[in-house]
Amino acid sequence: MLASLCTAVCLAFVLGSCSSNEEVKIEMYSEQDPTYQNPFTLPEEWEDYGIGDPYILRHDGKYYLYCSTKDGRPGIKGWSSEDLIHWTPEGLVTEDPITTGAYAPEVVYWNGYFYMYTSPAGNGHYVLRSDSPTGPFEVQTENLGLSIDGSVFIDDNGKWYFTHAGDQGIVIHPMTDPYTMDLGTTTNAYLGHWTEGSTIIKRNGTYYMTYTGNHVFSKGYRINYAVAHDDPTGDYQVPENNPLVIHTSGSFVGLGHSSSFVGPDLDSYYMVYHNLVGASAEGPPVRQMDIDRIVFNGDRMEVLGPTNTPQPVPKQADFRGRLDQPEAQADWEEETLPDGTRRWISQAETNAGFTAEYNLSLKRPVEDEEAYVDAIFAYGDSDNYWSARLKPGSGELAVVQVSQGQAQTLSNLQLPEEFDYTKLHTLRVENDGSSVRVYFDQMQKFNLPQQAAIQGRIGYAASGADPVYSYTAFSNDVNGSSDFEVYKPLPGSVEAVHYLKDAGRGFQVKSSAAAEVEYRKTDGVSIGMAEDRSYFVKLEQEGDWLTYKVNVAQAGTYGVTMRLLTSEEAAKVEVRSGNVKQTFDIAPDADAEWKTIKLGAMELPKGYQPLTIKLRKGQVAFKDVTFYASEEVSEEGTNLFDSVEAEDLYGTFEAIDGGFRGSGGPDDRLFVGNAAWDDYELSVQVDVPDGMTGESQVFVRTTNESYFPHQVQDSAMGYAISLYDGQLQLLKLNYGALAVSSGRVQMEPGQTYMLRVVMEGSRIRVFWGQEEEPVMDYTDSDPFFHGRAGLRSIGSTFSFREMQVRETR
C-alpha cells in the first residue's frame, strides 16, 4: 500500500517553458515523496473476506472506517486513521448477535451520539447507537425492514433522509428522527437493474448522490452519480461523465459501493470504494478497500481514477492542533481580558482565502443567555477580528465582526432546542472573497456576501462558559481551490478550470477578462458556465496559456482529446508535458456546439510533471482535455478470431473454420484485440443463416466490457453494429444501448457479405457488401475514441469469419 515514505516532502523543480524565451518554475512531487497505492490491505481484516462496502466517517479531525461483516459472523469491525493512509484496528465496535453478517454499516454523528445503520444478512435494517465512534454500539430499534445499503443524509435545515437499494432505482425516505423513516419514493438514480450503495453529500447547494450497480460479483460493478438542486427527494440529473468509477480488466475489477467525505486538508473530497478479488471459500465475495480523490467543476463531479498505481498522499491542513492536548498549546497564545474573557489565538495566520474548522464542547451546561463561545477567524488584533459566536444558554448562533473594538452582529439564528452543548459540536468557516459561509455540525447556516477575502489568525474566546477545545485547523484552500493543485492521474481527464494558482505559474493571459461568473473571478482568465452548470475556459489571444499538474502512470503514446465549443474559425493549441511539446490544429466547425474532438497523439514520459495548454492561433473555449493510452494496430492482415482467449469468450459461441457462429443462445459474446487501439478499420465476413432469427452485433472501440447474468445486458462502453432482418443499426454503448444511426441493407439467407467499419476520430462509417457508399455515416459529438473489437449473438446463428483490422488510411 505505501509505496514510499519520507519524513519530509522533498521538492523537485521542473522547468516548463511558457514561451520561447521564458520559463516558469513549478514545485513538483518526486518519486522519493510519500505515496499510497490502491488497493489497501488493512490489519485485522475479516479473513477470506476483506473490506467490503467501506464507509468512512470524519469526526473531530480523525477518520473511522466500517465495513460489511462476513456471513455468519457477529459484530462489526472498525479502524481509525489520522491521514487516510495508516489505519489502526479498533476491534469490534459492536458484538451484538443481531449484527451477524451485517451489510454495509454506516455511521452519522448527531448531538453527542453516533448512529449506525446496517442490514444484517440483508434482512431489514436496525439502528445502533454509541457515544463513541469506536463503540460499543447498542441496538436501539426493532427490525425496520427496507432493502439493503441504508444511508443517512442530514440537510442544512436539520432534516434527515434515509436512502437504500431498489430494483427500480435508489429509494429515499424522509425521517422524523434517527429511528423513524416516513414513506419513501423511488428516485431516478438507477443503473438499469438492481441499484445499491447510495450516499448523498451536499456542496455549494448541490446534492450529489453516488450509487452502485448491478451485482457485487460482476467485473462491471460501477459507480454513477447524479445531482439535484432544490430537494434531495426530487428528480436527479445524470451528468454525461458517467460511470464515475469503472474498471473491468486485469485484477482491478468490480469497483463499487462508495462513500464520499472531506479530506484532511478540510477542502478536498475523497471517495472510498471496494474492488472485487473473488469468492471466498464459503461463497461470499472477497474485496479490498480503495481511496481516490474527487474534484468538482460546478455541478460536475470527477473521480481522479480509479487508480491502482502510486499517487501522492492526501494533503494535511496547513495548520492543525488539539488544545485538549498540552503539547499542542505551544502553537497558541493565551490571554485573559479584564472582563474574564479567555482567548486562545493561533500563532499561524491564514491566507486571504481559507477554510477553518473548530471542535468544542462545554464542561457543564450554561444557563446565562449572554454567555458565549467564539470561534475566531481573520484575527488581526484584539480589536479587529471576526467570529462565529455560539450562545449555549439561548441556543443562538451569530456571525460577529469586531472592528476598532466595536462589535457588530452581521447575522444570527436559533439552533434546535435539542442540542446539548456539553457534547462535541463542529463549526466550519469558509472565506473565498465572495462570501463568508459558516457551518454548524456540517449544516450551512450563514452565507454572507463579502467584497474581498479576509485573513488573519484563528482561535477561540469564551465568556461565562467553560469550553473544551478539540481538533482545530485551517487550510489555505477554500471552495475546492485544492482541486487546482492536486495531481491529475493520466490516463485520465483534466478539467480546464483546474489550472494552477497564481499568474505566471498557473496561467497567463495577455488581457484580463471581465468576470462572467464567480468562479476564479480574480484571475482575469475568461471563464463561463455551460448549460450543465460546469465551467469552461476560453483562451482568447495567441500566447495565453494554462498549466496543470499531472501524474503519468506509464511512459508511452497517448491519444489527446478536447471537449470544446466549436467555432467557425480554425485554431491551434500547443500541449506540453515535461519536456515534450506538440502542436495540434483544430478545424473550423460552423455548428457552435459542445463536441469532443481528437487533437492527435503525443509521447508522455512517466511521472509527475507540469502540463501546459497554450493557444497558438485563433480562440478556443474548452471544458477538459483527456489523455488515453493509444497503440497502433499490429495485427494487420491476420484473422483476429485466431487470437481469442478463453477469458474473452462468454456464452456458447460455436467455433467454425475461420471464425464463430452464434449458438442461438440468449447472449453469446467474445472480445479480441487491444483496448488501446485508436483509429482503425475493421472488416468481417458475415454468413446470413437460413431461417434468420435473433440479432447479432459487431463490437468496435469497446472498453470496460463485462458479462454477468444479474446486470444490464448492454454491459460495455463503446459501439456495436447490430444486424437483424435486413437492418443495420449503430449502437452507442454505455452500460445501456442507444441507437444513433440505422440503415436498410440486402441480407439474403445463405449469402455472405462483408461488413466494414471505418473509425476516424469522431466519425464512424459502416459499409455493407460491395457498396462503395456507407450505409451509416455518423459523427459523434462525444465519442469513444479507442477500444477492442468483438461479437455478440442474441438468439442468433449468424456466422462471422476473418475479422481483420488495419490502421485507418
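In this structure, H786 and Y628 have parallel ring planes: the angle between them is below the 30° cut-off, well short of the 60° mark.
Checked for salt-bridge contact, E302 and R293 miss the test: no charged N lies under 4.0 Å from a carboxylate O. We find that D532 and R300 are not joined by a salt bridge, their nearest charged nitrogen and carboxylate oxygen being 4.0 Å or further apart. The existence of a salt bridge linking D679 and R701 is confirmed by a sub-4.0 Å separation between a basic side-chain nitrogen and an acidic carboxylate oxygen. Salt bridge K595/D782: absent, no basic N to carboxylate O contact under 4.0 Å.
In this structure, the side chains of V686 and F798 come closer than 4.5 Å at one or more pairs of heavy atoms. Within the 4.5 Å cutoff, side-chain heavy atoms of L728 are placed close to those of L723. Using a 4.5 Å cut-off on side-chain heavy atoms (C-beta onward), W594 and S781 make no contact. Counting heavy atoms from C-beta on, the side chains of V700 and Y680 come closer than 4.5 Å. Using a 4.5 Å heavy-atom cutoff, the side chains of V227 and M209 are not in contact. Contact annotation: the side chain of L731 never approaches that of V740 to less than 4.5 Å [non-hydrogen atoms, C-beta and beyond].
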Distance-only check: which donor-acceptor pairs under 3.5 Å involve side-chain atoms of residues 163-170, not counting sequence neighbours?
unit_1: T163; atom_1: OG1; unit_2: S198; atom_2: OG; d: 2.9
unit_1: H164; atom_1: NE2; unit_2: H173; atom_2: NE2; d: 2.8

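Between the side chains of E106 and S259, no donor N or O sits under 3.5 Å from an acceptor N or O. No side-chain donor-acceptor contact under 3.5 Å links S218 and Y707. Residues Q311 and T309 have side chains that bring a donor and an acceptor to within less than 3.5 angstrom of each other. Under the 3.5 Å distance criterion, with hydrogens and angles disregarded, no donor-acceptor pair is assigned to the side chains of E760 and T808.
Among H498, K623, E495, the single residue meeting the side chain to side chain donor-acceptor pair (under 3.5 Å) criterion with N297 is E495. Of the residues listed (Q697, M803, R661), the one engaging L791 in a side-chain contact (heavy atoms from CB on, under 4.5 Å) is M803, and it is the only one. With respect to I794, the side-chain contact (heavy atoms from CB on, under 4.5 Å) criterion is satisfied by exactly one of E695, R669, Q713: E695. Of the residues H215, H274, H257, H193, the one that meets the ring-ring contact (aromatic ring centres under 6.0 Å, His included) test with Y221 is H274.
Between G213 and L191, the shortest heavy-atom contact is N-CD1, 3.2 Å.
Side chain of N551 to backbone of P310: a donor-acceptor contact under 3.5 angstrom is found. Put simply, the side chain of Y548 gets close to the backbone of A496: a donor and an acceptor are under 3.5 Å apart. The backbone N or O of V633 lies less than 3.5 Å from a partner atom in the side chain of E807, making a donor-acceptor pair. Judged by distance alone, with hydrogens and angles left aside, the side-chain atoms of S741 form no donor-acceptor pair with the main-chain N or O of Y778 at under 3.5 Å. R788 places a side-chain N or O within donor-acceptor distance of the main-chain N or O of G673, the cut-off being under 3.5 Å. Under the 3.5 Å distance criterion, the side-chain polar atoms of D777 are left unmatched by any main-chain donor or acceptor of P774. D149 places a side-chain N or O within 3.5 Å of a backbone atom of G197 that can act as its donor or acceptor partner. A donor-acceptor pair under 3.5 Å is absent between the side-chain atoms of T212 and the main chain of G256, judged by distance alone. Not a single donor-acceptor pair under 3.5 Å links the side chain of D591 to the backbone N or O of T566. Not one N or O on the side chain of S796 forms a donor-acceptor pair closer than 3.5 Å with the backbone of S793.
Remark: Y103 engages no residue in a ring-ring contact (aromatic ring centres under 6.0 Å, His included) (not counting sequence neighbours). For R533, the salt bridge (charged side-chain N to carboxylate O under 4.0 Å, His left out) criterion is met by D299, not counting sequence neighbours. Applying the salt bridge (charged side-chain N to carboxylate O under 4.0 Å, His left out) criterion to D235, with sequence neighbours excluded, gives no partner residue. With sequence neighbours excluded, the residues forming a side-chain contact (heavy atoms from CB on, under 4.5 Å) with P306 are V245, H247, F252, L255, Y273, D292, listed by chain and number. For D231, the salt bridge (charged side-chain N to carboxylate O under 4.0 Å, His left out) criterion is met by no residue, not counting sequence neighbours.
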Test log, rule side chain to side chain donor-acceptor pair (under 3.5 Å), inputs S151 and T199: CA-CA 6 Å; S151 181; T199 59; 5.4 Å; no

Candidate pair F660 and F641, rule ring-ring contact (aromatic ring centres under 6.0 Å, His included), full reasoning: CA-CA 8 Å; F660 290 87; F641 290 141; 5.6 Å; yes

Residues T693, Y724; criterion side-chain contact (heavy atoms from CB on, under 4.5 Å); working and verdict: CA-CA 8 Å; T693 59; Y724 65 96; over 6 Å; no

Intermediate values then yes/no, side chain to side chain donor-acceptor pair (under 3.5 Å), S762 and T779: CA-CA 5 Å; S762 308; T779 299; over 6 Å; no

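Figure legend: cation-pi geometry between K732 and F784, with NZ or CZ positioned under 6.0 Å from the six-membered ring centre and within 45° of its axis. Seen from the ring of F296, R203 counts as a face-on cation partner, given the 6.0 Å and 45° thresholds. With F767 as the aromatic partner, R756 meets the cation-pi criteria of under 6.0 angstrom to the ring centre and within 45 degrees of the ring axis.
The 12-atom threshold is exceeded at CD of Q685, counting heavy atoms of other residues, nucleotides or ligands nearer than 6.0 Å.
Aromatic ring centroids of F699 and Y719 lie 6.0 Å or more apart. Under the 6.0 Å cut-off for aromatic ring centres, Y269 and F261 do not qualify, their centroids lying 6.0 Å or more apart. A centroid separation of 6.0 Å or more is found between the aromatic rings of Y236 and Y225. In this structure, the ring of H710 has its center no less than 6.0 angstrom from the ring center of F217.
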